[in-house]
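Written out below as structure tokens is the structure these notes cover.
What's counted below: heavy atoms across the whole structure, side chains too, no hydrogens, waters or symmetry copies. All figures in this text were calculated on a predicted structure; none of them were measured in a lab.
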Amino acid sequence: MQCPKCHSTMEPIAMAQANVHRCEGCRGLWFEMVDHETLKDRAAELDVGDPVQGEQYNKIDRIKCPACVGHRDLIRMVDPLQPHIWFESCKGCYGRFYDAGEYRDFAEIEFADLVKDWNAPERL
């Protein structure tokens, strides 16, 4: 599997309860359908990338599904509970891509997120 952001190889991470791939380059994460919810308690272990680098890759948001045949366009999404988190999702396989640092942020809702949400720009 190739990363939809930096086109490096995405390696599977051995998890008994779900399927996740991590990019060897930008350290973004690809989750199969609903696995992003299953692995929230392991976010720190999975999302080991640099959040600053992840913010740079987050600007690349017109990407293709790395899992589907035909590489469909991914939908640009905003997390409804944390609008400062922008991720991409596939309308075919329902997989999700999180840039480095985004999944850790997604898994932990803290008071600081409220401030981030107030300052979050609209995703156009």
- Is any side-chain heavy atom of Cys3 less than 4.5 Å from a side-chain heavy atom of Tyr57? no
- Query: Closest heavy-atom contact between Asp47 and Tyr103?
  - Reply: OD2-N, 3.1 Å
- Query: Which heavy atom in Lys40 sits nearest to a heavy atom in Ala107, and how many Å separate them?
  - Reply: O-CB, 3.5 Å
- Message: Quick one: does any side-chain atom of Asp73 pair with a main-chain N or O of Lys64 as donor and acceptor, under 3.5 Å?
- Response: no
- Query: Would you say the side chain of Cys65 lies within less than 4.5 Å of the side chain of Tyr94, judging by non-hydrogen atoms?
  - Reply: no
- Query: From Lys91 NZ over to Cys68 SG, what is the distance, rounded to the nearest 0.5 angstrom?
  - Reply: 11.0 Å
- Item | CZ-CG distance between Arg27 and Asp99, expressed to the nearest 0.5 angstrom | 13.5 Å
- Message: Check this for me, if you would: do Glu88 and Lys5 make a salt bridge, where the nitrogen-to-carboxylate-oxygen distance has to be below 4.0 angstrom?
- Response: yes
- Query: Is Trp30 reachable from Ile63 through a run of hydrophobic residues whose side-chain heavy atoms are each under 4.5 Å from the next?
  - Reply: yes
- Non-hydrogen side-chain atoms of Phe31 and Leu46 separated by less than 4.5 Å: yes
- Message: Between Pro66 and Phe97, is there a side-chain heavy-atom distance shorter than 4.5 Å?
- Response: no
- With sequence neighbours excluded, residues passing salt bridge (charged side-chain N to carboxylate O under 4.0 Å, His left out) with Glu45: Arg42
- Query: For the hydrophobic clusters of this structure (ILVMFWY residues joined by side-chain heavy atoms under 4.5 Å, transitively), does one cluster hold both Met77 and Leu39?
  - Reply: yes
- Closest heavy-atom pair, Gly25 versus Cys6, reported as atoms and distance to 0.1 Å, is CA-SG, 4.1 Å
- Message: I'd like to know if the side chain of Arg72 and the backbone of Cys93 have a donor-acceptor N/O pair within less than 3.5 Å.
- Response: no
- Message: Once rounded to the nearest 0.5 Å, what's the spacing between atom NE2 of His21 and atom OG1 of Thr9?
- Response: 11.0 Å
- Taking atom NE2 of His36 and atom CG of Leu29, what is their separation to the nearest 0.5 Å? 12.5 Å
- Item | For Gln53 against Cys26, the heavy-atom pair lying closest together | OE1-O, 3.9 Å
- Query: Quick one: are the ring centres of Tyr98 and Phe106 less than 6.0 Å apart?
  - Reply: yes
- Message: Quick check: closest heavy atoms across Gln82 and Asp105, and the distance to 0.1 Å?
- Response: OE1-O, 3.3 Å
- Could you give the distance from SG (Cys23) to CE (Met1), rounded to the nearest 0.5 Å? 11.5 Å
- Closest non-hydrogen atom pair, Val78 against Phe87: C-CE2, 4.1 Å
- Item | Distance, nearest 0.5 Å, that separates CD of Glu11 from CD1 of Ile13 | 9.5 Å
- Task: Applying side-chain contact (heavy atoms from CB on, under 4.5 Å), run through Asn58 and Glu102 and close with a yes or a no.
- Result: CA-CA 9 Å; Asn58 197 34; Glu102 276 183 327; 3.2 Å; yes
- So, Gln2 side chain and His7 main chain: donor-acceptor pair closer than 3.5 Å or not? yes
